[in-house]
Amino acid sequence: MNASPRITSPRILEVRKNILKQNDEIAYALRNRFREAGVFVVNLVSSPGSGKTAFLESTLTKMRSEFRVAALVGDLATENDAIRLARSQVPVRQIITGTVCHLEAAMIERNLKDWNLNELDFLFIENVGNLVCPSSYDLGENLRVVLLSVTEGEDKPLKYPTIVNSADVAVITKTDLADAVEFDWPAASRNLQAVRAGIEILCVSAKTGDGMDAWLKLIASQRSMVEHV
């Protein structure tokens, strides 16, 4: 009996390239739609347990009085995060990815079909908790933000350089726990800058509110810059 043909690495590489090419084409179309509608899109990426949902809930709650905001939330299973974010009283939709460890542009496109983008100023995308897969997938966003919590340690940027290198802003979360875990701030900054020189770093605590004003000011100014281009 002849053995089944073995799939070679060049074949796997070709399939991956085709998948990413299709994703990029959809992301390009999405980016044009967002621009025409005047929507500023923020893609939040992090590992599980970084405080991403708490950070986003605080962001949505603080912004809703001044801006028209909404959120898409990606998870492998459950609608827990969407239910939690709905407390901010803004439109929220959950995207269940099943076994897929990241959001893809096609998922974003499908879940925007009955939303009027002209009624939004900001769209936040909470990506699946993962510091590997999301780095390769453009979602048509204006701003990619990587979140790193003090409880994860200072070496995360060195362990996951691709996601940091693809991000525009780094947000260090759970700063209220920094002293308890003896977080090394200079080392964290050095590691981030070593991977992506010049990356803007913000430090926040969704629990205490520290640093949130600086974050809100940053994204408002980023949106203003895009509007005047």
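Only heavy atoms go into these numbers, but all of them, side chains included; no hydrogens, no water, no symmetry mates.
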Checklist entry - Can you check side chain to side chain contact (heavy atoms under 4.5 Å, CB included) on E109 and L30, steps first, answer last? => result CA-CA 7 Å; E109 183 181 48; L30 280 174; 4.3 Å; yes

Checklist entry - Linking I/L/V/M/F/W/Y whenever their side-chain heavy atoms sit closer than 4.5 Å, directly or via other members, would V39 and V42 fall into one cluster? => result no

Item to check | Straight-line distance of L202 CG to M212 CE, nearest 0.5 Å | outcome: 10.0 Å

Checklist entry - Are the side chains of P161 and N165 in touch, meaning some heavy atoms are under 4.5 Å apart? => result no

Next on the checklist: Are the side chains of V164 and Y160 in contact, using a 4.5 Å heavy-atom criterion?
Outcome noted: no

Checklist entry - Same cluster or not: are V171 and V128 linked, directly or through other Ile, Leu, Val, Met, Phe, Trp or Tyr residues, by side-chain heavy atoms under 4.5 angstrom apart? => result no

Checklist outcome for this item: Output for pair (N43 CG, L139 CG), nearest 0.5 Å, gives 4.5 Å

Item to check | Qualifying residues under side chain to side chain donor-acceptor pair (under 3.5 Å), relative to T162, sequence neighbours excluded | outcome: none

Next on the checklist: A side-chain contact here means heavy atoms from C-beta on lying under 4.5 Å apart; do M63 and T59 qualify?
Outcome noted: yes

Next on the checklist: Looking at S189 and P186, would you say the former's side chain and the latter's main chain have a donor-acceptor pair under 3.5 Å?
Outcome noted: no

Checklist entry - Has the side chain of R196 got a donor or acceptor atom that lies under 3.5 Å from a matching backbone atom of Q193? => result no

Item to check | Non-hydrogen side-chain atoms of L112 and L117 separated by less than 4.5 Å | outcome: yes

Next on the checklist: Between H102 and N130, does the side chain to side chain contact (heavy atoms under 4.5 Å, CB included) criterion hold? Intermediate values first, please.
Outcome noted: CA-CA 7 Å; H102 56 271; N130 191 315; over 6 Å; no

Next on the checklist: Within the 4.5 Å heavy-atom criterion, are V41 and I125 side-chain neighbours or not?
Outcome noted: yes

Item to check | Gap between atom CZ of F124 and atom CG of L60 - 0.5 Å precision | outcome: 6.0 Å

Next on the checklist: Is there a path of hydrophobic side-chain contacts, each under 4.5 Å between heavy atoms of I/L/V/M/F/W/Y residues, joining V73 to M107?
Outcome noted: no

Checklist entry - Does the pair S46 and L148 meet the rule for a side chain to side chain contact (heavy atoms under 4.5 Å, CB included), with working shown? => result CA-CA 6 Å; S46 77; L148 307 164; over 6 Å; no

Item to check | Where L103 and I108 come nearest, the two heavy atoms and their spacing | outcome: CD1-CD1, 4.3 Å

Checklist entry - Could R68 and F122 be counted as a cation-pi pair, given that NZ or CZ must be under 6.0 Å from the ring centre and within 45° of the axis? => result no

Checklist outcome for this item: Value for CG (L192) from CD (E154), rounded to nearest 0.5 Å, stands at 10.5 Å

Checklist entry - Are side-chain N/O atoms of R144 and S166 paired as donor and acceptor at under 3.5 Å? => result yes

Item to check | Closest contact, heavy atoms only, L44 versus K52 | outcome: O-CD, 3.7 Å

Checklist entry - Can a donor-acceptor pair be found between the side chains of E152 and S47 at a distance below 3.5 Å? => result yes

Checklist entry - Shared ILVMFWY cluster between L143 and V226, side chains joined below 4.5 angstrom? => result yes

Checklist entry - Are Y28 and L20 grouped together when hydrophobic residues (ILVMFWY) are joined by side-chain heavy atoms under 4.5 angstrom apart? => result no

Next on the checklist: With a 4.5 Å cut-off on side-chain heavy atoms, are I96 and L76 touching?
Outcome noted: no

Item to check | E141 backbone acceptor or donor facing R31 side chain under 3.5 Å | outcome: yes

Next on the checklist: Would you compute the distance between atom CG of N127 and atom OG of S135 and round it to the nearest 0.5 angstrom?
Outcome noted: 10.0 Å

Checklist entry - Do S58 side-chain atoms and F55 backbone N/O form a donor-acceptor pair below 3.5 Å? => result no

Item to check | Evaluation steps, side chain to side chain contact (heavy atoms under 4.5 Å, CB included), between E57 and T61 | outcome: CA-CA 6 Å; E57 182 182 359; T61 301; 4.3 Å; yes

Next on the checklist: For I199 versus D168, what's the shortest heavy-atom pair and its separation?
Outcome noted: CG1-O, 3.7 Å

Item to check | Any donor-acceptor pair under 3.5 Å from E200 side chain to V169 backbone | outcome: no

Checklist entry - Taking it one step at a time, do D121 and R64 satisfy salt bridge (Lys or Arg N to Asp or Glu O under 4.0 Å)? => result CA-CA 10 Å; D121 298 315; R64 71 179 184 217; over 6 Å; no

Checklist entry - For the residue pair W115 and L123, what are the closest heavy atoms and their distance? => result CZ3-CD1, 3.9 Å

Checklist entry - What closest approach, in Å, do T53 and E126 show between heavy atoms, and which atom pair accounts for it? => result OG1-OE2, 2.6 Å

Next on the checklist: With disulfide bond (SG atoms under 2.5 Å apart) as the rule and sequence neighbours excluded, what pairs involving residues 57-149 come up?
Outcome noted: C101-C133

Checklist outcome for this item: Note: A105 and A27 closest approach over all heavy atoms is CB-N, 3.7 Å

Checklist outcome for this item: residues 169-185 vs side-chain hydrogen bond (donor to acceptor under 3.5 Å, both in side chains), sequence neighbours excluded, gives D176-S205

Checklist entry - Are any non-hydrogen side-chain atoms of F183 and I172 less than 4.5 angstrom apart? => result yes

Checklist outcome for this item: When rounded to the nearest 0.5 Å, the distance separating CG of L85 from CD of Q94 is 8.5 Å

Checklist entry - Are V145 and V45 side-chain neighbours, meaning at least one heavy-atom pair lies under 4.5 Å? => result no

Checklist entry - Can any side-chain N or O of N116 pair as donor or acceptor with the backbone N or O of N118 at less than 3.5 Å? => result yes

